[in-house]
Amino acid sequence: MDRIVILSGAGLSAESGLGTFRDVGGLWSQYDLADVATPEGFARDPALVHAFYNARRTNMADAPTNAAHAALARLSTYPGVTLVTQNIDDLLERAGASDVIHMHGELSRALCHVCDTRWDAPREMSPDDPCPACGAAATRPDVVWFGEMPYHMDRIDAALACTDLFVSIGTSGTVYPAAGFVDRARSAGARTLELNLEASGGSFDEVREGPATELVPRWVAETLDGP
Ligand code: APR
């Protein structure tokens, strides 16, 4: 099978009931991202930031996986498939995927910003929580905020440099570096495909428009079982 790099975004989990960011009524129309998704916002008001992510952790726990997560989990068991997600939810893992590259971190993990220790986040985090390693009350969700470097970029760059196919699923392609992956893959010689409710306008060889729960299982079946 060809080598495949898949990049997913909030659209993958939209039909599980988790809101996207930039669609009408999306999270960034309800909250100011400068308040809840930047290191400066956290320094100003950690309680507000924890409350925002606590609510998202609760929503995640209540959200069912959908057919698109299940199809990607099935595909990810094949050699040569690299599954990268901007999503901080755990729905791909709950659908059975085991090696998901969470470039924007994970809601289910906590991070001490004094000693960099990571651990499983409780459902409710608060500014007073002590780090289990150093004891500092300096714990934050282990998510990547605006102005911070996404995780696992070396591994992602290496996969993009030698992939045959790059597939973008349910992302608006507005946040870098993820938004630049399509061009990196193309310049390395890969074919590029977008599966999205509405085309993002990125430079893809092929675009299929529709809901992830229809497009993704169909594309995975084509890839594994033939057209
Ligand atoms: N099926 C497929 N795609 C969908 C669906 C659906 N059911 N519903 C919405 N979409 C598409 C939208 O058309 C849009 O292109 O999903 C995309 C969601 O875009 P954004 O809300 O911008 O989410 P995303 O691209 O994941 O955002 C990137 O921005 O704020 C940050 O860190 C956050 O990781 C996030 C990053």
Side-chain angles (χ1 to χ4, degrees), residues 5-42 49 52-53 55-57 59-60 63-72 83-93 95 100-109 111 140-153 156 166-183 192-204 206-220:
V5 176
I6 296 156
L7 171 70
S8 60
L12 178 68
S13 297
E15 290 160 87
S16 293
L18 298 183
T20 62
F21 296 95
R22 295 173 183 80
D23 292 307
V24 175
L27 279 172
W28 295 155
S29 66
Q30 303 167 46
Y31 299 89
D32 187 339
L33 71 81
D35 288 337
V36 297
T38 63
E40 295 78 13
F42 185 65
V49 176
F52 174 75
Y53 288 98
R56 302 197 59 211
R57 207 173 285 112
N59 292 345
M60 171 177 89
T65 63
N66 68 44
H69 297 114
L72 291 180
L83 204 48
V84 183
T85 189
Q86 299 168 93
N87 297 347
I88 58 177
D89 67 57
D90 62 358
L91 297 186
L92 279 167
E93 284 87 354
V100 183
I101 301 176
H102 282 274
M103 64 179 292
H104 291 167
E106 295 174 73
L107 264 178
S108 58
R109 301 282 288 165
L111 166 68
R140 55 172 276 183
D142 189 12
V143 300
V144 176
W145 288 323
F146 287 90
E148 297 181 321
M149 180 57 76
Y151 296 157
H152 313 297
M153 286 308 299
I156 296 169
F166 172 76
V167 186
S168 174
I169 300 173
T171 173
S172 59
T174 46
V175 175
Y176 283 83
F181 291 174
V182 58
D183 293 322
T192 57
L193 168 66
E194 174 172 39
L195 307 177
N196 205 352
L197 199 56
E198 287 170 10
S200 65
S203 51
F204 292 91
E206 183 186 348
V207 177
R208 299 184 191 177
E209 289 184 319
T213 55
E214 288 174 22
L215 296 186
V216 177
R218 196 179 308 145
W219 168 70
V220 168

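Whatever order the structure lists them in is the order used to number ligands and atoms, beginning at 1.
- When all heavy atoms of Ala68 and Asn66 are compared, the closest pair comes out as N-OD1, 2.7 Å.
- Using a 4.5 Å heavy-atom cutoff, the side chains of Ser108 and Arg57 are not in contact.
- At least one N or O atom of His104 sits closer than 3.5 Å to an N or O atom of ligand 1.
- Within the 3.5 Å criterion, the main-chain N or O of Ala199 finds a donor-acceptor partner in the side chain of Glu209.
- Atoms of ligand 1 found under 4.0 Å from any heavy atom of Gly9 (numbered from 1 in listed order, with element): 26 (O).
- Using cut-offs of 30° and 60° for the angle between ring planes, the Phe204 and Phe166 rings count as parallel.
- Protein heavy atom in closest approach to atom 26 (O) of ligand 1: Ala10 N, 2.8 Å.
- Ring planes of Phe52 and Tyr31: perpendicular class, angle over 60° (limits at 30 and 60°).
- Applying the 4.0 Å criterion to heavy atoms of Glu15 picks out, from ligand 1, the atoms 1 (N), 6 (C), 7 (N).
- Interface of Thr171 with ligand 1, defined as ligand atoms under 4.0 Å from a residue heavy atom, comprises 15 (O), 17 (C), 24 (P), 25 (O).
- Within the structure, the closest approach of Pro211 to ligand 1 falls below 4.0 Å when heavy atoms are considered.
- Between Gly170 and ligand 1, an N or O atom pair is found at a separation short of 3.5 Å.
- Between the choices Pro150, Gly105, Ala212, Gly11, the shortest heavy-atom distance to atom 10 (N) of ligand 1 belongs to Gly11.
- The residue from Leu33, Asp23, Leu197, Asn196 that puts a heavy atom closest to atom 11 (C) of ligand 1 is Asn196.
- When atom types are taken as modelled, the side chain of Glu214 and the backbone of Pro211 share no donor-acceptor pair closer than 3.5 angstrom.
- Here Gln86 has heavy atoms under 4.0 Å from ligand 1 in both its backbone and its side chain.
- Atoms of ligand 1 found under 4.0 Å from any heavy atom of Phe146 (numbered from 1 in listed order, with element): 30 (O), 31 (C).
- Counting heavy atoms under 4.0 Å from ligand 1, residue Thr20 touches it through both backbone and side chain.
- Protein heavy atom at the shortest distance from atom 29 (O) of ligand 1 is Arg22 NH1, 3.0 Å.
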